[in-house]
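Input: one structure, supplied below.
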Amino acid sequence: MKLKFLKPLIFSEELIGKVLFVGVLMSAIIVLFGGMHYLYLHGKQTYVNPLYLENAFHFSFYTMMIGLSKFDPTAFILLGFFILLLTQLARVILTACYFIAKKNLLYFGVSLLVLFLLVYSIAKGFVKAL
Amino acid sequence: MSNFEFTLILFAIAYFAGVIGALTGLGGGVIIVPALVIFFKIDLRYAIGASLISVIATSSGAALTFMRQHYTNLKIGMFLEVGAILGAMLGAILIHYLPLPIIAIIFGIVLLVSIGLSLRRTKEQVSVQREQILPPSKLRRFLSLSGQFQSEKGLETYQIVRLPLGFGLMTLAGILSGLLGIGSGALKVLSLDLAMGLPYKVATSTSNFMIGMTAAASAGIYFSKGYIDPEMTFPTMLGVLLGAMTGSRILISAKPERLRILFAFIIFVMAIQMIYKGITSI
């Protein structure tokens with residue numbers, strides 16, 4: 001009985017909104033922490049406009065984890081961005097759940113297709129050097 | 001200039017970009033990219049990378065407000081997102097091959113068109129004929145292409161028309177999003193509202209639902225190419241996010257029509273500068 005009552009609540013539109021809000025809040029806090037730490041360590045150095053195209057900023061999930069273990073501020077900023085991207089995955093997954101709860105298989109399938117494309121793209125960005 | 005000063009100034013400019021983006025309805029991306037390029041001489045590709053992250057954050061931050069209003073059409077949003085994501089990935093790959101001056105010129109033109117679209121909205125509330133009842137074809141019933149929303153007059157039903165056109169426009173919006181680092185909300189709303197006949201409120205919240213996912217798909221490709229610089233992106237993201245929140249507060253308390261026209265003029269000047277920069281550096 002209790003479950004039946006909860007069911008429409010579980011995958012409601014509000015839930016999608018709330019999860020996104022919490023996700024962006026977590027991301028912003030971690031990015032802010034990493035940024036403050038970066039400014040504390042390097043804030044007084046003279047700003048140099050990097051010649052980007054010659055030394056593009058490359059990293060992977062693996063290098064990010066190593067950076068986190070060394071308390072590297074850049075790794076924390078990246079972790080914040082990573083959480084922000086995961087939040088978008090959550091948006092698709094929750095929408096897929098919303099459709100399955102409504103027994104709408106067609107749009108469940110459409111959501112899975114979007115999920116697949118998004119996972120592919122995010123993985124391309126973060127897992128390439130693993 | 002020290003790193004600290006650079007970060008602080010960048011944060012302040014990103015904040016104003018967020019406010020203006022929310023007030024004009026164009027989003028922070030269209031303002032932060034030219035600002036980074038014109039004021040900080042930052043490489044266009046990295047400016048776009050920073051903007052993409054800000055766009056995802058802003059769209060997610062606003063989602064709760066939109067979702068609570070129950071205007072979002074999740075079905076049509078997800079369906080069109082397939083096209084938008086494919087476009088976004090294509091756009092993010094294209095930027096690797098297109099020369100920068102060409103991208104700057106495209107950016108300027110898209111900016112000009114977006115201002116035109118947003119000003120049109122202030123002058124006349126466009127209403128498309130929605131009463132026309134379409135013959136219930138098999139495909140329409142299969143995709144369940146209609147929706148309902150709660151308006152002041154009660155529960156209103158709307159029909160979704162011209163699906164292929166909408167899908168095509170949405171793919172174009174995705175390409176522009178990936179190529180220019182903007183949410184391309186103006187084009188998304190246009191295709192949902194004018195092309196497909198969704199009510200304006202449904203169109204804006206469905207567009208917001210899609211923007212974050214589209215931008216995340218491009219951001220993944222940008223990360224893989226190394227176009228997202230953490231030290232420059234963090235003040236941009238936090239500034240635009242806070243600015244957008246301030247902007248939407250202002251929108252609730254007042255209808256700043258004159259302010260919108262002033263900001264549209266600022267964006268117009270930036271668009272011209274982007275086009276000029278592109279043409280002179282060819």
Side-chain angles (χ1 to χ4, degrees), chain A residues 12-18 20-21 23-25 27-28 31-32 34-35 38-39 42-47 49-53 55-59 73-74 77-78 80-81 84-85 87-89 91-92 95-96 98-99 104 106-107 110-111 113-114 117-118 120-126 128, chain B residues 1-7 40-43 45-46 53 56-61 63-68 70 72 74-75 77-79 81-82 85-86 88-89 92 142-144 209 212-213 215-235 237-238 241:
Chain A
S12 66
E13 290 168 55
E14 271 103 332
L15 182 80
I16 302 176
K18 276 178 192 160
L20 284 169
F21 187 77
V24 75
L25 197 68
S27 157
V31 166
L32 182 68
Y38 157 76
L39 287 180
H42 306 289
K44 282 184 181 157
Q45 289 164 15
T46 312
Y47 167 72
N49 191 347
L51 294 164
Y52 283 123
L53 287 178
N55 51 347
F57 184 81
H58 282 294
F59 73 96
T74 308
I77 299 176
L78 283 172
F81 297 163
L84 193 62
L85 294 189
T87 308
Q88 303 313 302
L89 282 185
R91 189 191 309 234
V92 188
T95 309
Y98 172 88
F99 286 130
N104 192 330
L106 171 68
Y107 283 99
V110 172
S111 307
L113 180 59
V114 171
L117 292 170
L118 205 53
Y120 170 78
S121 167
I122 294 175
K124 205 169 155 52
F126 273 82
K128 56 182 186 293
Chain B
M1 186 162 60
S2 71
N3 277 334
F4 182 73
E5 286 163 338
F6 170 75
T7 307
F40 295 100
K41 310 255 178 299
I42 283 177
D43 185 285
R45 293 184 171 104
Y46 293 82
I53 297 291
I56 305 172
T58 324
S59 143
S60 309
L64 188 55
T65 320
F66 279 115
M67 287 301 202
R68 275 195 179 139
H70 292 283
T72 313
L74 293 177
K75 282 181 200 164
M78 233 0 141
F79 186 80
E81 188 56 32
V82 176
I85 277 203
L86 287 174
M89 292 165 85
F142 179 64
L143 293 171
S144 53
F209 174 70
M213 295 184 283
S218 320
I221 311 278
Y222 275 68
F223 269 117
S224 77
K225 304 268 190 221
Y227 289 156
I228 292 176
D229 177 83
E231 277 91 36
M232 184 198 81
T233 306
F234 91 82
M237 170 199 162
L238 295 175
L241 184 61

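Computed from a predicted structure; not experimentally measured.
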With respect to chain A, which residue among B/M237, B/E5, B/K41, B/R68 yields the maximal number of heavy-atom pairs within a distance under 4.5 Å?
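Top count of heavy-atom pairs under 4.5 Å with chain A: B/M237.
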Would you check, one step at a time, whether the test side chain to side chain contact (heavy atoms under 4.5 Å, CB included) holds for A/T46 with B/M1?
CA-CA 6 Å; A/T46 312; B/M1 186 162 60; over 6 Å; no
Gap between atom CG of A/L20 and atom CE of B/M67 - 0.5 Å precision
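Separation between the atoms: 6.5 Å.
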What part of A/L113 gets within 4.5 angstrom of chain B, counting heavy atoms only: side chain, backbone, both, or neither?
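Only the side chain of A/L113 comes within 4.5 Å of chain B.
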For each of A/L89, A/I122, A/L25, A/L85, tally heavy-atom pairs with chain B at distances under 4.5 Å, and name the one with the top tally.
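Among the listed options, the one with the most contacts to chain B is A/L85.
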As an exercise, state the distance from CD1 of B/I221 to OH of A/Y120, rounded to the nearest 0.5 Å.
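So the gap between those two atoms works out to 6.5 Å.
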Is there a side chain to side chain contact (heavy atoms under 4.5 Å, CB included) between B/E81 and A/V110 once you walk through the steps?
CA-CA 9 Å; B/E81 188 56 32; A/V110 172; over 6 Å; no
State whether a side-chain donor-acceptor pair under 3.5 Å links B/S60 with A/Q88.
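Looking only at side-chain atoms, A/Q88 and B/S60 do form a donor-acceptor pair, the distance falling under 3.5 Å.
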Interface moiety of A/L84 toward chain B, non-hydrogen atoms closer than 4.5 Å:
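Both backbone and side chain of A/L84 come within 4.5 Å of chain B.
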Report the distance from atom NE2 of A/H42 to atom OG of B/S2, rounding to the nearest 0.5 Å.
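Answer for the NE2-OG pair, A/H42 versus B/S2, is 13.0 Å.
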Below 4.5 Å from any heavy atom of chain A, which atoms of B/F6 appear? Answer side chain, backbone, both or neither.
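Only the side chain of B/F6 comes within 4.5 Å of chain A.
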Given a strict heavy-atom distance threshold of 4.5 Å, which part of B/S59 is in contact with chain A: side chain, backbone, both, or neither?
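For B/S59, heavy atoms of backbone and side chain both lie under 4.5 Å from chain A.
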Quick one: do A/L32 and B/F234 satisfy side chain to side chain contact (heavy atoms under 4.5 Å, CB included)? Show the steps, please.
CA-CA 7 Å; A/L32 182 68; B/F234 91 82; 5.9 Å; no
Given that the side chain runs from C-beta out, which part of B/L241 has a heavy atom under 4.5 Å from chain A: side chain, backbone, both or neither?
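The side chain, not the backbone.
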Please classify the contact of A/K18 with chain B as side chain, backbone, both or neither, using a heavy-atom distance under 4.5 Å.
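A/K18 touches chain B through backbone and side-chain heavy atoms alike.
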Flag the one option from B/L74, B/I53, B/L86, B/T58 with the top tally of heavy-atom pairs under 4.5 Å to chain A.
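With the most close heavy-atom pairs to chain A, the winner is B/L74.
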Is B/F66 close to chain A through its backbone or its side chain, or both, or neither, when contacts mean heavy atoms under 4.5 Å?
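It is neither, since no heavy atom gets under 4.5 Å.
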Need one label for A/I77: side chain, backbone, both or neither, based on atoms under 4.5 Å from any heavy atom in chain B.
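Looking at A/I77, just its side chain touches chain B.
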What's the spacing between A/S121 OG and B/Y222 OH if we round to 0.5 Å?
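The OH atom of B/Y222 is 11.0 Å from OG of A/S121, to the nearest 0.5 Å.
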With a 4.5 angstrom heavy-atom cut-off, which part of B/L238 approaches chain A: side chain, backbone, both or neither?
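For B/L238, the side chain is the part near chain A, not the backbone.
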Using non-hydrogen atoms and a 4.5 Å limit, figure out which bit of B/T233 sits close to chain A: side chain, backbone, both or neither.
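Contact with chain A is through both the backbone and side chain of B/T233.
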So which of B/S218, B/A88, B/A63 has the biggest tally of heavy-atom pairs under 4.5 Å with chain A?
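Looking at each of B/S218, B/A88, B/A63 in turn, B/A63 comes out on top.
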Scan side-chain atoms only and decide if B/E231 and A/T74 contain a donor-acceptor pair under the 3.5 Å cut-off.
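Yes, side-chain donor-acceptor contact under 3.5 Å.
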Check whether A/Y38 gets within reach of chain B through its side chain, its backbone, both or neither, counting any heavy atom under 4.5 Å.
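Interface part for A/Y38: side chain.
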Is there a side chain to side chain contact (heavy atoms under 4.5 Å, CB included) between B/F223 and A/K124 once you walk through the steps?
CA-CA 8 Å; B/F223 269 117; A/K124 205 169 155 52; over 6 Å; no
